[in-house]
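Everything on this sheet refers to the single structure shown next.
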Amino acid sequence: MKSILVTGLADQFDVTLVDVREQNEYAAGHVPGGINIPLGQLRSRISEIPSTDTVHVICESGRRSAQAVEALGALGINAVNVDGGTAAWTQAGLPLDTN
């Protein structure tokens, strides 16, 4: 499985980022620019995910996003897991949005 560190993600611009946490988790704070598609809704909302770009997937710690990366890969989507998730993002002192 492909993965990226939060610091590597922070250095990239114009990436597709899918946050697979539940809506309340996302609302409490998320990586800027991420779209919220909870893991349980991933298959039903697959049309919202661009299939031509690399999709970066994040959750709180990396467990749910790893499951999502596997599911997306099975559908032919190039997906990358964000190691450590939003917990690592916060720990690195990177900004969160609450919009």
Side-chain angles (χ1 to χ4, degrees):
M1 170 184 326
K2 295 179 190 175
S3 64
I4 188 170
L5 298 173
V6 293
T7 50
L9 178 64
D11 291 339
Q12 295 189 27
F13 299 98
D14 197 31
V15 299
T16 300
L17 177 67
V18 176
D19 189 321
V20 295
R21 296 177 300 155
E22 294 299 318
Q23 188 174 22
N24 63 323
E25 294 174 283
Y26 181 82
H30 56 272
V31 174
I35 58 170
N36 183 221
I37 302 177
L39 182 60
Q41 298 175 16
L42 194 62
R43 289 196 189 275
S44 65
R45 295 179 59 190
I46 198 73
S47 65
E48 297 175 41
I49 300 173
S51 58
T52 56
D53 297 327
T54 299
V55 176
H56 293 77
V57 186
I58 195 167
C59 67
E60 182 63 24
S61 65
R63 190 172 315 136
R64 287 176 282 183
S65 56
Q67 292 174 10
V69 166
E70 293 289 328
L72 292 170
L75 296 170
I77 296 173
N78 184 25
V80 176
N81 188 36
V82 179
D83 283 340
T86 54
W89 183 270
T90 303
Q91 212 169 26
L94 297 165
L96 292 174
D97 276 350
T98 54
N99 305 358

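- Within the 3.5 Å criterion, the main-chain N or O of P38 finds no donor-acceptor partner in the side chain of Y26.
- Shortest non-hydrogen contact noted between T98 and A28 is CG2-O, 3.7 Å.
- For the atom pair CG of L17 and OG1 of T54, the computed distance is 12.5 Å after rounding to the nearest 0.5 Å.
- Taking a 6.0 Å sphere around CD of Q23, one finds it holds 12 or fewer heavy atoms contributed by other residues, nucleotides or ligands.
- A heavy-atom distance below 4.5 Å is found between the side chains of L9 and W89.
- Under the 4.5 Å side-chain heavy-atom criterion for Ile, Leu, Val, Met, Phe, Trp and Tyr, V55 and L39 are members of the same hydrophobic cluster.
- Nearest heavy-atom pair across T16 and P50 is CG2-CD, 3.8 Å.
- Of all heavy-atom pairs spanning C59 and S65, the tightest one is SG-N, 3.4 Å.
- At a threshold of 4.5 Å between side-chain heavy atoms, the hydrophobic network of Ile, Leu, Val, Met, Phe, Trp and Tyr places V15 and L94 in one connected group.
- Residues V18 and I46 share a hydrophobic cluster, clusters being chains of Ile/Leu/Val/Met/Phe/Trp/Tyr side chains in contact below 4.5 Å.
- Note that the OG1 atom of T86 and the CD atom of Q91 stand 11.0 Å from one another [nearest 0.5 Å].
- Counting heavy atoms from C-beta on, the side chains of V31 and D19 never come closer than 4.5 Å.
- Nearest heavy-atom pair, P95 versus P32, reported as atom, atom and distance to 0.1 Å: O-CD, 3.3 Å.
- In this structure, CZ on R63 lies 11.5 Å from CG on N81, to the nearest 0.5 angstrom.
- Annotation: side chain of R64 is in contact with side chain of E25 (closest heavy-atom distance under 4.5 Å).
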Go through it in stages, so that I can follow the logic: the residues are I49 and L42, the test is side-chain contact (heavy atoms from CB on, under 4.5 Å), and I'd like the CA-CA distance, side-chain angles, deciding distance and then a yes or no.
CA-CA 9 Å; I49 300 173; L42 194 62; 3.7 Å; yes
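- How far CG of N78 is from NE2 of H56: 8.5 Å, rounded to the nearest 0.5 Å.
- Distance check: E48 CD to N36 CG gives 10.0 Å after rounding to the nearest 0.5 Å.
- Both I37 and L75 belong to a common hydrophobic cluster when Ile, Leu, Val, Met, Phe, Trp and Tyr are linked at side-chain heavy-atom distances under 4.5 angstrom.
- Put simply, I4 and I58 are part of the same group of oily side chains (I, L, V, M, F, W, Y) that touch within less than 4.5 Å, one to the next.
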Applying side-chain contact (heavy atoms from CB on, under 4.5 Å), run through V82 and V6 and close with a yes or a no.
CA-CA 6 Å; V82 179; V6 293; 3.7 Å; yes
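- Heavy-atom minimum distance, A68 versus V20: CB-CG1, 3.9 Å.
- Distance check: L72 CG to R43 CZ gives 8.5 Å after rounding to the nearest 0.5 Å.
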